[in-house]
Amino acid sequence: MGQASRTTTLLLDLGKRTQGGANSEKRAALAATVEVLNAARAFYIDFFLAHADKLSEQVTYYSQEHLQWREGLISANALLTWAESATVATAAHPSPWTGWNFTQAFPGMPFAYRRSVIKDAIGKVRSYLSNRANWERSGKQQGKPGWPAATDHPTLYQGCISLDLETLNLQDAFVRLNVYTGEDWRWLHYPVSSSRYLVQRLGEADWKRRSPTLVLRPHAAELHIPQVRRIEASKVIERKQDPDLVTVAVDLNVRNLAVMTVRQCGIIVETVFVTDHGLDAHRYRHLKRIAKKQWLSGRPVKGEHSNRQLWWHVDRQNSDAAHKVARIIANVCASYPGCILLFERLRKIKAGKGSKSRRMNRRRANQLRGKINEHARDKAYLSQVVTVEVNAHGTSQYCSRCGALGERFSYRGGQRIVEKWGKLFACPQCHYESHADFNASVNVHHSFYREGHWRPRQAKAPPKPPVEDRT
């Protein structure tokens, strides 16, 4: 049992008024809303940092899951109620604490916006205090966590936005937002760029909508609407007992972005190669231009961004490739219901030696692996497919048939050249030869089932006690 999530983006039309977009006053109101909410968030961050002991308070509560009284950390809802009683003037508590009068500092702010910034401030301060405590326990001089920032995309709770699917289905679609005009809070209509596909996506019955987030960019504005779906998936330990279990192993690489092998009953039943279609070489040429321009411009100036368009293009390339490869992986998993998706547990990959452009390209390629892993998890989970990361030790060095230590090689000019990053794999024991990425993908299955040299080590028997000599 779990929960899958996705985000649907609704673009606000901030074009010219004559072209059906929002007027300049409405565009300015969005910027003013974000600015005042950042100031309110900074107010509550300072408030919670000044009363940090309250965030670590232990309280007694009744657990509906365990049907008993338990002791734990104070909840975010309880902190919200406490913060409102201390900072907001109401009939029940007309006099806020000295120096913390939120009502006077931000008059007329809707309670929904106030509660959203309080929840944001609680999360930011708790994260900061936890990271600072870990840093102090480590005893290191470097790595001190920075002060929590108040800038963030505002969350629009119920009462801040009016979103109707019937309205979005019209030709002149719009959404109503409660925004700050610089003087007061007012409901305004904003035209949106909607389509029947977006309305169909938002209206799916098994996906529940959550509070959207307003993302304001220099020349655009978007509503990011999160959606969640309940997924019923059995645990990996339970699935592993099934003799007919299907496992889909993925080996991520540079040229072959993903090599997938499907195993059932100990037999590889399907193999899929996903190539990069020249992405690595194309990205390398762009990074080579960036490295040359950086060398010509000299030492970088703090606060200045160079080659912005090229960096955006490279990022979009990586993001697009990651989503496409993840979709292919998810489609393969969907054709085998109840399977398990396997990845190698790769955490730290160094870029290695070489020119600056080559090192930057290797780092981008390594980041692409992580994006493929992340997106494939989310897309496959919608088909009730659980993802497992296995031990990656020796998957490229050992033979997938006999388990012996082999070698990597390539053919150049008709000659066989043994090299560390060769495209082919050969086993000197059983004389098995195959594509190196295919061999590594098959070994991922062996690592999951603890076969070959991936078997758990046997615990050493304790030494026998010395025998006393009674002669």
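Keep in mind that what you see is a predicted model, and the values were worked out from it rather than measured. Numbers here simply count residues along the sequence, with the first being 1.
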Quiz item: For the residue pair Trp82 and Phe47, does the interplanar ring angle fall in the parallel (under 30°), tilted (30 to 60°) or perpendicular (over 60°) class?
Solution: tilted
Quiz prompt | Aromatic ring proximity, centroids under 6.0 angstrom, Tyr44 and Phe102 | solution = yes
Quiz item: So, Gln227 versus Thr7: side-chain donor-acceptor pair below 3.5 Å or not?
Solution: no
Self-check item: Polar contact flag, side-chain donor to acceptor under 3.5 angstrom, His153-Thr213
Solution: no
Self-check item: Residues that His313 engages under side chain to side chain donor-acceptor pair (under 3.5 Å), provided they are two or more places apart
Solution: His286
Quiz item: Can you tell me if Trp312 and Gln309 form a side-chain donor-acceptor pair at under 3.5 Å?
Solution: no
Practice problem: Check the pair Val274 / Asn256 against side-chain contact (heavy atoms from CB on, under 4.5 Å), numbers first and verdict last. | Solution: CA-CA 6 Å; Val274 183; Asn256 293 316; over 6 Å; no
Quiz item: Can Asp184 and Thr181 be counted as having a side-chain donor-acceptor contact under 3.5 angstrom?
Solution: yes
Exercise. Step by step, work out the side-chain contact (heavy atoms from CB on, under 4.5 Å) result for Cys333 and Ser383.
Key: CA-CA 8 Å; Cys333 294; Ser383 303; 5.9 Å; no
Exercise. Answer yes or no for Arg201 and Trp207: cation-pi contact, defined as NZ/CZ to six-membered ring centre under 6.0 Å and angle to ring axis within 45°.
Key: no
Quiz item: Does Ser130 use its side chain to pair, donor to acceptor, with the backbone of Ser127 at less than 3.5 Å?
Solution: no
Quiz prompt | Distance-minimising heavy-atom pair for Leu73 and Gln58 | solution = N-OE1, 3.6 Å
Quiz item: Any donor and acceptor pair, going by atom type alone, linking the side chain of Ser447 with main-chain N or O of Val444 inside 3.5 Å?
Solution: no
Quiz item: Looking at Trp454 versus His445, is the centre-to-centre ring distance below 6.0 Å?
Solution: no
Self-check item: Short side-chain to backbone donor-acceptor contact, Thr103 and Ala89, under 3.5 Å
Solution: yes
Self-check item: Value rounded to 0.5 Å, distance of OG1 in Thr87 from CH2 in Trp100
Solution: 9.5 Å
Quiz prompt | Over all atoms of both residues, closest heavy-atom pair of His189 and Phe174 | solution = CD2-CE1, 2.9 Å
Quiz item: Between Glu204 and Arg6, is the closest basic N to carboxylate O distance under 4.0 Å?
Solution: yes
Quiz item: Is the closest side-chain heavy-atom distance between Ile161 and Leu223 below 4.5 Å?
Solution: yes
Exercise. Kindly check if the number of other-residue, nucleotide or ligand heavy atoms within 6.0 Å of CD (Glu71) is above 12?
Key: yes
Quiz prompt | Within 6.0 angstrom of Gln367 CD, more than 12 heavy atoms from elsewhere | solution = yes
Practice problem: Any chance you could measure Leu287, atom CG, to Met360, atom CE, to the nearest 0.5 Å? | Solution: 5.0 Å
Quiz item: Between Leu168 and Ser194, what is the shortest heavy-atom contact and its length?
Solution: O-OG, 3.0 Å
Practice problem: Nearest 0.5 Å please: distance from the CG atom of Leu30 over to the CG atom of Leu14. | Solution: 6.5 Å
Quiz prompt | Test item: Tyr113 side-chain N/O and Thr33 main-chain N/O as donor-acceptor pair under 3.5 Å | solution = no
Quiz prompt | Under 3.5 Å side-chain donor-acceptor pair for Asp152 and Asn38 | solution = no
Self-check item: Arg176 and Asp164 ion-paired at < 4.0 Å
Solution: no
Quiz prompt | Test item: side-chain donor near acceptor, Asn134 and Arg137, under 3.5 Å | solution = yes
Quiz prompt | Exceeds 12 heavy-atom contacts within 6.0 angstrom, atom NZ of Lys371 | solution = yes
Quiz item: Can Asn307 and Arg289 be counted as having a side-chain donor-acceptor contact under 3.5 angstrom?
Solution: no
Practice problem: State whether the side chain of Asp276 and the backbone N or O of Asp280 hold a donor-acceptor pair below 3.5 Å, judged by distance alone. | Solution: yes
Quiz item: Counting only heavy atoms not in Glu57, do more than 12 fall under 6.0 Å of its CD?
Solution: yes
Exercise. Mind running side-chain contact (heavy atoms from CB on, under 4.5 Å) on Tyr197 and Val199 for me, showing each step along the way?
Key: CA-CA 5 Å; Tyr197 304 105; Val199 175; over 6 Å; no
Quiz prompt | Leu296, CG: over 12 other non-hydrogen atoms inside 6.0 angstrom | solution = yes
Self-check item: Side-chain H-bond candidate by donor/acceptor type, Asn373 with Arg377, under 3.5 Å
Solution: yes
Practice problem: Using only heavy-atom distances, determine whether the side chains of Lys379 and Asn331 contain a donor-acceptor pair under 3.5 Å. | Solution: no
Quiz item: Does a side-chain N-to-carboxylate-O contact under 4.0 Å join Arg316 and Asp320?
Solution: no
Quiz item: Do Val179 and Tyr190 pass the side-chain contact (heavy atoms from CB on, under 4.5 Å) test, and can you show the C-alpha distance, the side-chain angles, and the key distance before you say yes or no?
Solution: CA-CA 11 Å; Val179 295; Tyr190 284 87; 4.0 Å; yes
Self-check item: Donor-acceptor contact below 3.5 Å, side chain Arg345 vs main chain Glu389
Solution: yes
Quiz prompt | Any donor-acceptor N/O pair, Thr9 side chain to His224 backbone, under 3.5 Å | solution = no
Quiz prompt | Lys288 atom NZ, over 12 foreign heavy atoms within 6.0 Å | solution = no
Practice problem: May I have the step-by-step check of side-chain hydrogen bond (donor to acceptor under 3.5 Å, both in side chains) for Thr395 and Glu344, ending in yes or no? | Solution: CA-CA 9 Å; Thr395 53; Glu344 294 176 306; 2.5 Å; yes
Quiz prompt | Enclosure of His393 NE2 (heavy-atom neighbours >12, cutoff 6.0 Å) | solution = no
Quiz prompt | Which atom of Tyr381 lies closest to which atom of Ala4, heavy atoms considered | solution = CD2-CB, 3.9 Å
Quiz item: Below 4.5 Å, heavy atoms only, C-beta onward: do Ile74 and Leu55 meet side chain to side chain?
Solution: no
Self-check item: Sole candidate of Arg115, Arg41, Arg126, Arg114 that passes salt bridge (Lys or Arg N to Asp or Glu O under 4.0 Å) when paired with Asp120
Solution: Arg41
Quiz item: Within the side chain of Ser441, is there an N or O that forms a donor-acceptor pair under 3.5 Å with the backbone of Val259?
Solution: yes
Exercise. Would you give the length of the straight line joining atom OG of Ser162 to atom CH2 of Trp187, rounded to the nearest 0.5 angstrom?
Key: 6.0 Å
Quiz item: Does CZ belonging to Phe111 count more than 12 external heavy atoms closer than 6.0 Å?
Solution: no
Exercise. Spell out, as yes or no, whether a donor-acceptor pair under 3.5 Å connects the side chain of Ser297 to the backbone of Gln294.
Key: yes
Exercise. Verify, without hydrogens or angle tests, whether Arg239 (side chain) and Cys339 (backbone) share a donor-acceptor contact under 3.5 angstrom.
Key: yes
Quiz item: Measuring from Leu156:CG to Leu214:CG, what's the distance to the nearest 0.5 Å?
Solution: 5.5 Å
Quiz item: So, for Trp185 and Gly108, which heavy atoms are closest and what is the spacing to 0.1 Å?
Solution: CD1-O, 3.1 Å
Quiz prompt | From CZ (Arg362) to OG (Ser357), nearest 0.5 Å | solution = 10.0 Å
Quiz prompt | Closest approach of Ser193 to Leu10 (non-hydrogen atoms, all atoms of both residues) | solution = O-CD1, 4.2 Å
Quiz item: Hey, does the Lys NZ or Arg CZ of Lys240 hover above the aromatic six-ring of Phe448, less than 6.0 Å from the centre and inside 45° of the axis?
Solution: yes
Quiz item: Under the side-chain hydrogen bond (donor to acceptor under 3.5 Å, both in side chains) criterion, do Asn77 and Lys119 qualify, and how do the steps go?
Solution: CA-CA 8 Å; Asn77 291 331; Lys119 284 290 188 70; 3.2 Å; yes
